[in-house]
Amino acid sequence: MITVRDSSETVPERTPRFVTPAWRTLRKHPTGAAGLVILILILLFILSAGFLTPHKYDRTLSGKAAPMMSRGFDDELLVLGGDELGRDVLTRLQHAGRTSFVIGLAAPLLGVTLGTIIGIVSAYRGGVVDLLVQRVVDVLISLPGLVLAMAVTLALGFSVWGVIIALSLNVVGGSSRVVRSHALTQSQLEYVQAARALGASDLRIIFRHLLPNSMAVSLVLFTVGVGAAITAEAGLSFLGLGVQPPTPSWGNMLTFAQQYFRFGAHIAIIPGLTIAIVVFAINLVGDSLRDILDPHLRGRG
Amino acid sequence: MPLLEIEDLKTYFYGDDTVVKAVDGITYDIEEGETVALVGESGCGKSVSSLSILGLIPSPPGRIVDGEVRFRGTDLLQLSASEMRRYRSRRIAMVFQEPMSSLNPVINIETQLTEGMMTQLGLTKRQASDRALELLETVGISDPERRLKQFPHEFSGGMRQRVMIAIALSCEPDLIIADEPTTSLDVTIQAQILDLMQTLTRERGMALLLITHNLGVVARYVERINIMYAGRIIEHGSSTDIFEKPSHPYTVGLLNSIPRIDRDTRSSLDPIPGQPPDLSRLPIGCHFAERCRNVIDRCENEYPHTVVVEPSHSSACWAAVSVFSDYAAQPSHA
Amino acid sequence: MRDYIIRRVLLLVPNLFILATLTFFLARVLPGDVALGLVAEDGSIIDQEAVEVIRERLGLNDPMPVQYARWMLQLLQGDLGKSDVSDISVVQVVTETAEVTFLLAILSVIIGAVMAIPFGILSAMMRGRWPDQVIRTFSAVFLALPNFWLGILLLLALVTWFSWSPPIFQETFLDAPVEQFQRLILPSIAIGTSFAAVATRLTRSTMLEVLNQDYIRTARAKGLFPNRVIIRHALPNAVLPVITLSALLFAGLLNGAVVLERIFALPGMGVEIVTATSERDFQLLQGLVLVLGAFVMVWMLLIDLIYVALDKRIQLE
Amino acid sequence: MLDSRSQNTIADEHGGGDQTVLIDIEDLSVEFPVGSGALFSRNRAVVHAVDDVSLTIYKGECLGLVGESGSGKTTLGRAILRLQKATRGRVRYEGEAMDEMGGRDLRNLRRKMQIIFQDPYSSLDPRMSAGAIIGEGMSIHKLAPDRATYSRRVAELLEMVGLNAEMARRFPHEFSGGQRQRIGIARALAVEPDFIVCDEPVSALDVSIQAQILSLLTNLQFELGLTYLFVAHDLSVVRHISDRVAVMYLGRIVEVAPSADLYRNPLHPYTYALISGIPVPDPRIEAQRERVVLGGEPANPADPPTGCHFHPRCPFATEQCVVEKPELREIDSSRLVSCHRAEELTLEGV
């Protein structure tokens, strides 16, 4: 079959792929840049835990659900008020952020890495290996992630690591499927055939060609995964099956929100809003990243 | 009065900080019942110019910046959207390059064939279906009753292009614009489709605008040829003019680039060096100057005027006449 | 196409088998003996003798392959065993709670799709103009809202402003459809919005893609009315991916259901799962996970079949 | 079936002097299972993409391989390089059977046999620079002892295919289609092969660029003494580069002949149809040409017609053609054809 492309024979303007100045990329993607700024601010906020406020996250300083900008027993200023046990919400928010971010970054990192490897190998090997791996992936995909995570955390213990491993399992199935289908398309492209014709070994094809070309997909999967992991961790902790009190997490800060809402709406609003803002910022960055990396928008003009 | 007159048509595409001058002032016409070709390589603006006629340019980013497209004297560019709609397929119909993607995959052939007739000619569903049946027979599809109920994926490439032709014929237009109608088809099917189009348009007295990158195809089917390069028409003439007395260096280069089945020396090709210019950064002078063998100083600074070589034959080249004499002097073409 | 359907249905068999195996091992590899957990939960001192008795009763002293074979055999007879804690049969728990959970998930999909498709299309049609901006902003915001938080807020707003509280009753959907619907509508909205947020974006992008297709140009070149081009030619092609999405995100919607049941005090599988987890009731947890997984698989199969029926192109492959 | 050995002896008419066989293809078949239901149906449906093909490629020649889509020409090209697994039959390279080779031997042989692809877009790894793409073969086969030799060699190759040495650092998306195709050629040349399969290398290009690439390939062949298998769907392109041409239809070779003979005097009705389907860019000649426009479409390769695959579209088909499969047979010392009526028909070429 003859294929005539509509693109002209002219030489595209010279713009090295990864060397475009960062500021230009940011200017072209203002929403992504905004997301990045929000994320940096939030990270600074979290990293300043212990400096920003003089309080301890597990000390009762006031009565139940003290309102925002109120004073505690010893006349401390509680900027965001107190929680159901009268602990400083602001301080807790900062400490909880650490847990959320550690889990939010580690779980998808683990999951996407594993998913990428499984996806590429499954696509490249094909045959029985692919068939079997994909059946297991089918099962992983059909299990609601939170439920799977509950079972796994139960096994591994309700620790940060338990939650990380449990949540990474959710990512493995989905990401390996996406990477597999991408790698499958890639491995049928002629450049992979060319490498084989040159005598490249399977390992070389996987590491020099398929893996680098799947990185964009994996990176986007990772950013999506961060938002999802932060939300999922919050969900688990909210149910009391994730990070255990007194260690604060954005999720477990909400556990008693329903009961204490009447005393102060901020208990329910602040942690949830924080999660929403973080996830929103991550999504903005993820969307721009997708635009930047999307092969459809690149190259062929 | 010609059936269709295009005058100084300009269609630009606006990017972030670039303007792609896809069609940069082209003028040509088509007489009633005539077959005319618009020839050029990919990216020269030939498809954009044909889509501009019916206002089918994707907009944004595309915009018709200037010019007139007169159909029997009416400037189509001045029409409102709903007036323009009435010209589509009723007066001017189109056949596109990719029969694979030009038919809607989830709608059956009957609906795709009848909907135009129902909208444009006010036929009832029954009448339109009867006509659809006839049309399929006309374009050489056997067992039309069964075929009507089928979906595009059940047709081969050649058959889909026949369906496209049936759709184009359905409202009895005065002009059919065929944009690379055979490019994605196999060689033996190409001949079938082109022959079919020629026969059907001749029988019905329809004019045909054949847009193609293949100068060879044109020789067999058309009366007049317009050659486009980088957004402009650089040579226009009758079929014999173009093939026997090419007067633009680009046309000559193109003729020398076509692998010919009737010549057998192994290296008779004489390619044009270099690449076409970037349409967003066109030179001030002749667009072809950079690749031209006959280039003179003037070419770099000033876009050539159209030189009338013979009454029906013109060329946008400062050296039009000498180009032809050089061509004629080469033994292989004598 | 017949071959495709047969193949697709047959794939369910190995998948269910792997699911059953996985849930079996999930419960077995857990450290912290089941029996230990059980005894400790009772508040009694960990007494080796009591532990042994329980282990014997639960068959935990048999070799792994024997336990596995027993689990599989039971499954084939439709028996999911008995709860380790309460001695109620797991099948009974499932039959009592499944309806709420499944209805919740399905209702969420419907609500999500009903919101997403028109907004997505409007957004694509108005690309770059204010309705598009508004819709995109909203979908970005709703995508970021954790649905359990949205659920809490919804509930609190109603409780605070309207002194409303979720109805509590035992009838099934067939006995009391209206009440059941009332009870499920709020949590469904909370879950459905996040699905809608994703689906709106997808509908918008596929619609834009579809509008760029050659066949849309053909339809316009025929001189059809713009409405017909959109509704008859573009829409069916743009909606197909949303159908697939509802399969892909279904497991995710069940996550939402699990949490929302808790917030809205709905007697569903989610609540049971949470309880089973916190009580270390492995047998029950295992059974519930299995049923949920199987439900998702069947749903995915159904969606696949619907897709095949709608997309004529697949028939030939 | 004609013994491929005997082709060896008849070869030589047009080249003058002895020709040595470089590649010898013997009864090669490639089958693909079709349909998702293949797993469960009793008779697994297969497409005979390449159906018992025997063909000889001589050292230093360019053999054109022509056919429409679905004829199996690309699959045959890839099966020769073992990029595609053959179901049956064998390929010998300088007398050594390739199918008996494993890992290392095969990899070494791959240095000798290269391929140039059709699609200038998908055939280059978008994440690698032009230099890295060209140099990959050298790294695999350790052809450059040091960094300097490597860079020098990459620069040489770029210039050899008509690009600048500085372009080594650019990425594929910064090149035009024609330039990408040149990079693909340089990549193949980097390992100093003897034989190159050119898989429709110009069909995605514009006419003027197509001519550039054809000239480049012709020049390289003479300079480097290469052997080509030039796969194309278009007989006119093939005419400009091939010494001999083989025509394929639905997985089978229907005619093999020296270029000049084939065009002047085709023996198979399908070859004749292909020739007459191609217009001559000259209205006068075109007006006088006699031509046959084939009815119908190429058959479905999964369900080919009985007897001669071409019979439903052939204007000369008889009862025998419907029933009996024609063998590829020798007509004269240099020509092979698979048509029952080859001797009776007089078909005029161009």
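Within every chain, numbering begins at 1; the chains are lettered A, B, ... in the order of the sequence lines, protein sequences first and strands thereafter. Source: prediction; values computed, not measured.
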- Ignoring hydrogens and angles, state whether a donor on the side chain of Asp206(D) or Ser208(D) is under 3.5 Å from an acceptor on the partner side chain. no
- Message: Nearest 0.5 angstrom please: Ser122(D) OG to Leu189(A) CG, how far?
- Response: 5.0 Å
- Message: Less than 4.5 Å to any heavy atom of chain A: does that hold for the side chain of Glu136(D), its backbone, both, or neither?
- Response: both
- Message: With no hydrogens and no angle check, just 3.5 Å: does a side-chain donor-acceptor pair link Tyr93(D) and Asp194(D)?
- Response: yes
- Note on the structure: When the 4.5 angstrom heavy-atom criterion is applied to Leu124(D) and chain A, the contacting part is backbone
- Query: If we ignore angles and hydrogens, is there a donor and acceptor under 3.5 Å between the side chains of Ser214(A) and Gln186(A)?
  - Reply: no
- Task: Measure Met113(D) against the heavy atoms of chain A and call it side chain, backbone, both or neither at under 4.5 Å.
- Result: backbone
- Arg187(D) versus chain A, heavy atoms under 4.5 Å apart: side chain, backbone, both or neither? both
- Message: With a 4.5 angstrom heavy-atom cut-off, is it the side chain or the backbone of Arg204(A) that approaches chain D, or both, or neither?
- Response: side chain
- From Gln212(D) atom CD to Gln181(D) atom CD, the distance as rounded to the nearest 0.5 Å: 12.0 Å
